[in-house]
Amino acid sequence: MPRPLTILGLESSCDDTGAAILRGTGAGAEILSNVVASQTDLHAAFGGVVPEIAARAHAEKLDLVTEEALAKAGVSLADIDAIAVTAGPGLIGGVLSGVMAAKGLAMGLGKPLIGVNHLAGHALTPVLTDAMRFPYLMLLVSGGHCQFLRVDAPDRFHRLGGTIDDAPGEAFDKVARLLGLPQPGGPSVEAEAAKGDPARFDLPRPLMDRPGCDLSFSGLKTAVLRVRDTLVAEQGGLTEGDRADLCASFQGAVAAVLAGKSARALADQSGLTGFAVAGGVAANKTLRARLEQVAEAAGLPFVAPPLALCTDNAAMIAFAGLMAFEAGHRDDMHLSARPRWPLDTAAAPMIGSGKKGAKA
Ligand code: KG4
Ligand code: ZN
């Protein structure tokens, strides 16, 4: 049995600056603190994440969130056994800010440094939250990523498929923009959809007619644009009812496609212990319900970690770092920040996935 370790995790790959303290082993760890400073307000006026603004904000906030995480956990830097940091994939300025901060701490304190793949952080979260056993199927759905991963071990991921264009969160954000709803689009589209009729507009189910579990969301967003323009041309604008129905129909189409492809991914695999979902879009209640049904039909448990651990956070980085540390992994001052870093290096690269950079 490995001895319990205290790990400081740092996350800065997109628009959330995070620091967390975790104590335990790969078999079970406790989150002592998990601090996230969101940059949503800084980017609000631009309709998307501005990389330069993000990088500067991370550089300003990393010290502060680290101090807060230590204080909340009631530990000092001297108590830390290792520092885990997101080393990619992500917006390079932000990743660099985190890697530089972690190197400074590791060097100054003489503690081990571990570079963590951000996607591994998401993909391993069910082990932290629900003691999920390998191998399991993970659907990662966020603003920058969408992929099915078979997670065989903390460092073994097999990519079964993913989006060939937009990530679902990106599609939610664009649809919100098309319909004049506030950002981030996911929660505002979901709130509108709750008042609407998902059967009113017959939107496409992209790639459902093709084998495999690749997905596409860009056509769906264009279909929403067409319906909106047709309604505007016919009636001079959208009623509140039209907007709610369009949101409900769009959300229904996204959920149907993700559920359909999940069923396919589960049917193609054997020996799985369960089906897990992570990423910001996993907050969507309609989607969660559909995925739960799919898992149930396949006779497998469904795991959706609590929202704060589905979206970007440093606790997942600390946990992935803890597992890597136990496996003997150590980085040094040569650790580099990587804008792209696929989890499954054997899988063919996907074209154009994620307009906000290679992040999840
Ligand atoms: O994982 P995340 O917090 O950040 C990264 O993309 O890394 O995901 C953010 C995305 C945004 O596109 C947001 O619109 C979407 O998740 N999202 C949702 C919901 N809440 C957040 N999408 C659909 N339904 C939601 N309730
Ligand atoms: Zn992420």
Side-chain angles (χ1 to χ4, degrees), residues 9-18 20 34 36-40 43-44 47-49 51 54 58 86-91 94-95 98 116-125 138-147 149 162-163 166-179 181-194 217 220-221 247-248 250-255 257-258 277-291 304-317 319-320 339 341 343 353-360:
L10 298 179
E11 156 63 31
S12 58
S13 65
C14 187
D15 55 353
D16 292 304
T17 317
N34 188 19
V36 177
S38 164
Q39 301 177 0
T40 307
H43 303 287
V49 178
H58 286 306
T86 299
L91 298 173
V95 181
V116 171
N117 184 312
H118 177 88
L119 302 175
H122 279 301
L124 295 171
T125 299
M138 155 64 58
L139 169 61
L140 192 51
V141 270
S142 73
H145 272 272
C146 178
Q147 50 187 316
L149 292 163
T163 182
D166 291 356
E170 204 177 352
F172 269 97
D173 294 342
K174 283 181 185 165
V175 163
R177 229 166 281 141
L178 290 176
L179 300 178
L181 296 167
Q183 296 293 320
S188 40
V189 169
E190 180 170 23
E192 279 296 303
F217 294 99
L220 197 46
K221 162 204 75 193
C247 284
F250 164 76
Q251 178 178 272
V254 172
V257 169
L258 284 167
V277 65
V281 182
N284 190 283
K285 290 188 205 69
T286 301
L287 176 63
R288 273 169 110 110
R290 290 293 297 267
L291 297 178
L307 193 55
L309 296 171
C310 267
T311 54
D312 286 351
N313 68 90
M316 69 179 190
I317 302 304
F319 186 63
W341 185 2
L343 274 180
S353 53
K355 293 285 182 333
K356 288 191 281 177
K359 37 136 259 161

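None of these values were measured; they are calculated from a predicted model. Atoms within each ligand, like the ligands themselves, are counted from 1 in listed order.
The Zn ion (ligand 2) sits nearest to atom OD1 when only the N, O or S atoms of D312 are considered.
A side-chain contact (heavy atoms from CB on, under 4.5 Å) with Q147 holds for exactly one of V141, L139, T163, L119; it is L119.
Heavy-atom contacts of D173 reach the following atoms of ligand 1: 11 (C), 12 (O), 13 (C), 14 (O) (cutoff under 4.0 Å).
Rounding to the nearest 0.5 Å gives a distance of 10.5 Å between CD1 of I317 and CG of N34.
Checked by distance only, ligand 1 and T311 stay at 3.5 Å or farther apart across all their nitrogen or oxygen atoms. Taking only nitrogen or oxygen atoms, main chain and side chain alike, H122 does not reach within less than 3.5 Å of ligand 1. Annotation: G186 places an N or O atom under 3.5 Å from an N or O atom of ligand 1; distance criterion only. For a threshold of 3.5 Å applied to N or O pairs, the pair formed by G143 and ligand 1 contains at least one separation below that value. For ligand 1, the polar-atom distance check against H118 finds no nitrogen or oxygen pair separated by under 3.5 Å. Ligand 1 has an N or O atom lying under 3.5 Å from an N or O atom of G169, backbone or side chain.
Distances from the Zn ion (ligand 2) show that C14 has no N/O/S atom below 2.8 Å.
Using a 4.0 Å heavy-atom cutoff, C14 is absent from the residues neighbouring ligand 1.
Rounded to 10°, the angle formed at the Zn ion (ligand 2) by NE2 of H122 and NE2 of H118 is 100°.
Although no hydrogens or angles enter the test, the distance criterion places no donor-acceptor pair under 3.5 Å between the side chain of Q251 and the main chain of A248. T86 contributes no side-chain N or O that, together with a main-chain N or O of H118, makes up a donor-acceptor pair within less than 3.5 Å. Looking at D173, its side chain does come within 3.5 Å of a backbone N or O of G185 through a donor-acceptor pair.
Neither side chain, E190 nor S188, offers a donor N or O lying under 3.5 Å from an acceptor on the other. Using modelled atom types, one finds no donor on one side chain facing an acceptor on the other under 3.5 Å when comparing N313 with E11.
Contacts with ligand 1 closer than 4.0 Å are made by heavy atoms of both the backbone and the side chain of N284.
V254 has its side chain within reach of L220: a pair of non-hydrogen atoms, C-beta onward, lies under 4.5 Å apart. Residues T311 and S142 form no side-chain contact, since every pair of their non-hydrogen atoms from C-beta on lies 4.5 Å or further apart.
Of the candidates G280, G144, A282, G280 brings a heavy atom nearest to atom 2 (P) of ligand 1.
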